[in-house]
A.B. asks: 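Here it is, the structure, as structure tokens.
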Amino acid sequence: GLKGNIQPSALVLSIVAGASIQTLSEGLDHPYLVRSMPNTPAQIGEGITVWTASPLVKPDQIELARRVLEALGEEIFMEEERYLDMATALSGTGPAYVFLFMEALIDAGVHLGFPRRIAERLVTQTIRGSVEALIDGVLPPEIETYEQIYREAERLGRLVEDLQELSRVEAGAYALH
């Protein structure tokens with residue numbers, strides 16, 4: 001194992017879910033530990049990692065850990081280790097729930113009659129565009145909650161339906177002339 005085989009000044013960066021710094025430090029017999037919780041989008045540099053360090057980790061080691069974790073996407077350092085277990089529940093497992101949601105939307109699209117590959121494309125771009133719109137702040141400033149976003153989407157959907165109906169009526173009027 002690793003116990004006794006780690007250079008005394010080395011920094012150990014752990015991604016083991018649920019293993020506390022104390023458990024890792026005792027198990028490895030090593031004081032310089034960073035505990036982190038990345039998520040699967042980290043594999044493509046688009047993840048988010050919550051992390052903390054044992055009290056003996058030096059400032060230059062903190063910066064080294066930050067640089068390593070930034071390569072995985074965004075990083076958030078927390079002084080208190082308890083936030084890592086919270087991050088495991090929220091952002092660590094979050095991608096699985098996003099994928100489950102997407103799968104349900106794709107299945108709904110197939111049920112409606114779309115070929116699966118088209119439903120996948122529609123759902124993927126819908127999710128991507130929605131996230132980018134939220135990040136870029138293209139939503140009106142008065143919209144601050146997801147419920148308001150939903151209501152705005154409903155309103156825009158009704159507007160599109162009204163415009164489509166108006167277009168059909170105008171097309172019919174032209175056809176009569």
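Just so you know, these numbers come straight off a predicted model, no measurement behind them.
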A.B. asks: Kindly say whether T23 contributes a backbone atom to a donor-acceptor pair with the side chain of S20 at under 3.5 angstrom?
C.D. replies: yes

A.B. asks: Do K58 and Y32 have side chains that approach each other closer than 4.5 Å (heavy atoms only, starting at C-beta)?
C.D. replies: yes

A.B. asks: What residue pairs, at least two apart or across chains, pass side chain to side chain donor-acceptor pair (under 3.5 Å) with a residue in residues 3-18?
C.D. replies: none

A.B. asks: Take atom CZ of F77 as the centre, draw a 6.0 Å sphere, and report whether it contains more than 12 heavy atoms from other residues, nucleotides or ligands.
C.D. replies: yes

A.B. asks: How many angstroms lie between OG1 in T93 and CG in N39, if you round to the nearest 0.5 Å?
C.D. replies: 9.5 Å

A.B. asks: Answer whether the closest heavy-atom distance between the side chains of I127 and M102 falls below 4.5 Å.
C.D. replies: yes

A.B. asks: Taking H30 for its side chain and L2 for its backbone only, find out whether a donor-acceptor pair lies under 3.5 Å.
C.D. replies: no

A.B. asks: With E120, which residues qualify under salt bridge (charged side-chain N to carboxylate O under 4.0 Å, His left out), at least two apart?
C.D. replies: none

A.B. asks: Report yes or no: do Y83 and I48 belong to one cluster of Ile/Leu/Val/Met/Phe/Trp/Tyr joined by side chain heavy-atom distances under 4.5 Å?
C.D. replies: yes

A.B. asks: Linking I/L/V/M/F/W/Y whenever their side-chain heavy atoms sit closer than 4.5 Å, directly or via other members, would V16 and V12 fall into one cluster?
C.D. replies: no

A.B. asks: side-chain hydrogen bond (donor to acceptor under 3.5 Å, both in side chains) with E132: which residues, sequence neighbours excluded?
C.D. replies: none

A.B. asks: In the single-linkage hydrophobic clustering (I, L, V, M, F, W, Y; side-chain heavy atoms under 4.5 Å), do M37 and L90 co-cluster?
C.D. replies: no

A.B. asks: Per the salt bridge (charged side-chain N to carboxylate O under 4.0 Å, His left out) rule, what does the pair list look like for residues 30-57, sequence neighbours excluded?
C.D. replies: R35-E81, R35-D85

A.B. asks: In this structure, are over 12 heavy atoms from other groups packed under 6.0 Å from L24 atom CG?
C.D. replies: yes

A.B. asks: Please answer whether the main-chain N or O of L122 pairs with a side-chain N or O of T126 as donor and acceptor at a distance below 3.5 Å.
C.D. replies: yes

A.B. asks: Scan the side chains in residues 65-76 for donor-acceptor partners under 3.5 Å anywhere in the protein, sequence neighbours excluded, and list what turns up.
C.D. replies:
from: R66; atom 1: NE; to: E63; atom 2: OE2; distance (Å): 3.4
from: R66; atom 1: NH1; to: E75; atom 2: OE1; distance (Å): 3.2
from: R66; atom 1: NH1; to: E75; atom 2: OE2; distance (Å): 3.3
from: E75; atom 1: OE1; to: W51; atom 2: NE1; distance (Å): 2.8

A.B. asks: For the CD atom on Q125, are there more than 12 heavy atoms of other groups (residues, nucleotides or ligands in this structure) within a distance under 6.0 Å?
C.D. replies: yes

A.B. asks: Would you call V50 and S36 a side-chain contact if the rule is heavy atoms closer than 4.5 Å?
C.D. replies: no

A.B. asks: Quick one: are L28 and I6 in side-chain contact, heavy atoms under 4.5 Å?
C.D. replies: yes

A.B. asks: Do S54 and P31 touch side chain to side chain, with heavy atoms closer than 4.5 Å?
C.D. replies: no

A.B. asks: Are I15 and L11 grouped together when hydrophobic residues (ILVMFWY) are joined by side-chain heavy atoms under 4.5 angstrom apart?
C.D. replies: yes

A.B. asks: Enter the distance from F101:CZ to I106:CD1 here, rounded to the nearest 0.5 Å.
C.D. replies: 10.5 Å

A.B. asks: Return the set of residues passing salt bridge (charged side-chain N to carboxylate O under 4.0 Å, His left out) with E80 (not counting sequence neighbours), or none when no residue passes.
C.D. replies: R82

A.B. asks: Working to the nearest 0.5 Å, report the span between CG of L33 and CD of E26.
C.D. replies: 11.0 Å

A.B. asks: Is there a side-chain contact between T52 and V34 in this structure, where contact means two heavy atoms from C-beta onward sitting under 4.5 Å apart?
C.D. replies: no

